[in-house]
2 protein chains.
Amino acid sequence: MDISLQVMSEQGVAGLSLSAVARRLGVRPPSLYKYFPSRNAVYDALFRRGQQAYLEAVRQGAAGHEPGMAAMAASLEAGARWVMANQTLAQLLFWRPVPGFVPSPQAYEPALAVHAHFAELTRAAIDRGELHPDAASEEGLALGSALIAGLLSQQLANEPAASYEQGRFTRWVARLPAVLAAVYPPRR
Amino acid sequence: MDISLQVMSEQGVAGLSLSAVARRLGVRPPSLYKYFPSRNAVYDALFRRGQQAYLEAVRQGAAGHEPGMAAMAASLEAGARWVMANQTLAQLLFWRPVPGFVPSPQAYEPALAVHAHFAELTRAAIDRGELHPDAASEEGLALGSALIAGLLSQQLANEPAASYEQGRFTRWVARLPAVLAAVYPPRR
DNA sequence: GTCTATACTCCGATAGAC
DNA sequence: GTCTATCGGAGTATAGAC
């Protein structure tokens, strides 16, 4: 799987070739079929592993903070750092670049947990009077996920080599909670 | 070129095959090389055509409005509608999905004009007291482009078939100017 | 669990006849 | 400006020996 990631980073996510993997592994292509029944099965395993790692990253980021906007800011940053450090995997997870590959429900499972994680942080922020209740609606959550995805997709497409601190787009991640608060000002 | 777009929409942007194009055109593959010296040349021609069309869409959108936030809102919406109506081409333009393809400077030219277009609308909005002067900095312009790109990338990845009006993400496009104004409130 | 051999399909690109 | 023929390579996947 590590070698597959390496090939994808060089040939494009959709350019994974089992022959190339076998070559670098020092075996013949048919041997791989003892471990994965098809090429898409490799994608699926990578997808699941990636979703799991991303979930752990955003959870780790929130750990130690009071639930609410502070935890959300820390969690967003941790997720963004994970994406910048795992760009190839992130592309597989968040931008469907492989025609014909549809992740299995099991592989998709952690993605639902990520959504639930941020929904919970949003509700906590509302309880603390940091956001308007509408922020927890599907619409509000969609805005949050779109904003973070947009910053990161622009960063990856235009400055993939930039460090997290110096990226022209990642630097906005820290200010996303303020943007959300501007769109959903708490009533008072 | 139209047939190429059709193939790309079915096989993925990176999955363009000149053989498939020739097949649908009713000619043999070598004939295509009389018109394009390589497969990447086809991508380049499509890239240029797409950038040009997108530029015209955002300019058309602004036409008839006073320069400023109203024109920007109209321009953003026109651009978003163009992207939703030309999804395959938009992927080629805004998300580099083809390993090894780098657009030529000539093909990239209209993209610079798009940037200049929005920079001008931003300055007009500042002059009218609708935005803080910092909104016209490179940082501020980067935020604007990232926000719109994020909404659209999420829309294309998750609900590509939704109409512009019903999209869970496109519906935020109309409110982007308000988000920008919240981040860059004019001094008063 | 690895291999050889193979079936099958596909690709981009070029040479050169017409 | 189209074609045939071809080079030289790629790929996924399976059968079956060891």
Side-chain angles (χ1 to χ4, degrees), chain A residues 1-50 87-89 91-93 95-108, chain B residues 1-50 87-89 91-93 95-108:
Chain A
M1 288 172 71
D2 291 337
I3 293 177
S4 292
L5 268 179
Q6 198 178 315
V7 172
M8 286 158 67
S9 75
E10 293 166 18
Q11 306 297 324
V13 176
L16 171 62
S17 135
L18 296 190
S19 300
V21 173
R23 218 154 30 233
R24 303 192 190 192
L25 202 67
V27 300
R28 303 294 172 175
S31 301
L32 300 179
Y33 284 80
K34 288 282 176 183
Y35 304 89
F36 297 94
S38 72
R39 190 177 75 127
N40 275 356
V42 178
Y43 279 127
D44 208 58
L46 287 170
F47 189 95
R48 180 177 179 80
R49 174 205 265 190
Q87 302 192 6
T88 304
L89 210 37
Q91 286 177 56
L92 178 65
L93 300 188
W95 291 275
R96 312 292 163 90
V98 185
F101 165 60
V102 181
S104 65
Q106 301 95 299
Y108 196 70
Chain B
M1 289 170 71
D2 291 336
I3 293 176
S4 293
L5 268 179
Q6 198 178 314
V7 172
M8 287 158 68
S9 74
E10 293 166 16
Q11 306 297 325
V13 176
L16 171 62
S17 136
L18 296 190
S19 299
V21 173
R23 217 152 33 230
R24 301 190 192 194
L25 234 166
V27 300
R28 302 294 172 176
S31 303
L32 301 178
Y33 284 80
K34 288 284 176 183
Y35 304 88
F36 297 94
S38 72
R39 191 178 74 128
N40 275 357
V42 178
Y43 279 126
D44 207 59
L46 287 171
F47 189 96
R48 180 176 180 81
R49 175 205 266 192
Q87 302 192 6
T88 304
L89 209 36
Q91 288 177 56
L92 178 65
L93 301 187
W95 289 274
R96 312 291 162 89
V98 185
F101 165 61
V102 181
S104 65
Q106 301 97 296
Y108 197 71

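Below, chains carry the letters A, B, ... as their sequence lines are ordered, and counting in each starts from 1.
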- Query: Quick one: does B/Arg39's side chain have a donor or acceptor within less than 3.5 Å of a partner on B/Ser17's backbone?
  - Reply: no
- Heavy atoms only: give me the nearest B/Ala14-B/Pro99 pair and the separation to one decimal. CB-CD, 4.4 Å
- Task: Under 4.0 Å from any atom of DNA chain D, heavy atoms only: list the residues of residues 30-47 of chain A that qualify, in numerical order.
- Result: A/Pro30, A/Tyr33, A/Ser38, A/Arg39
- Query: Excluding sequence neighbours, so at least two apart, what forms side chain to side chain contact (heavy atoms under 4.5 Å, CB included) with A/Val27?
  - Reply: A/Ala22, A/Leu25, A/Ser31, A/Leu32
- Query: In this structure, are over 12 heavy atoms from other groups packed under 6.0 Å from B/Arg28 atom CZ?
  - Reply: no
- Task: Find the distance between OG (B/Ser38) and CZ (B/Phe101) and round it off to the nearest 0.5 Å.
- Result: 9.5 Å
- Task: Tell me, please, the opening and closing nucleotides of DNA chain D, 5' to 3', among those with an atom under 4.0 angstrom from a non-hydrogen atom of chain B.
- Result: D/dG1 to D/dA5
- Query: If you measure from the Lys or Arg side-chain nitrogens to the Asp or Glu carboxylate oxygens, is any gap between A/Arg49 and A/Asp2 under 4.0 Å?
  - Reply: yes
- Student check: side-chain heavy atoms of B/Trp95 and A/Gln91 closer than 4.5 Å: no
- Which pair of non-hydrogen atoms, one from B/Ser4 and one from B/Val42, has the smallest distance, and what is that distance? OG-CG1, 3.7 Å
- Message: For DNA chain D, which residues of residues 3-24 of chain B approach it to below 4.0 angstrom with any heavy atom?
- Response: none
- Message: Quick check: closest heavy atoms across A/Leu92 and A/Leu46, and the distance to 0.1 Å?
- Response: CD2-CB, 3.9 Å
- Query: DNA chain D in dot-bracket, Watson-Crick or G-U pairs under 3.5 Å, [ ] crossing, | other strand?
  - Reply: ||||||||||||||||||
- Who pairs with A/Ser19 by side-chain hydrogen bond (donor to acceptor under 3.5 Å, both in side chains), at least two apart in sequence or on another chain? none
- Message: Any non-hydrogen side-chain atom of A/Tyr43 less than 4.5 Å from a side-chain atom of A/Met8?
- Response: yes
- Which value, rounded to the nearest 0.5 Å, describes the distance between A/Asp44 atom CG and A/Tyr108 atom OH? 13.0 Å
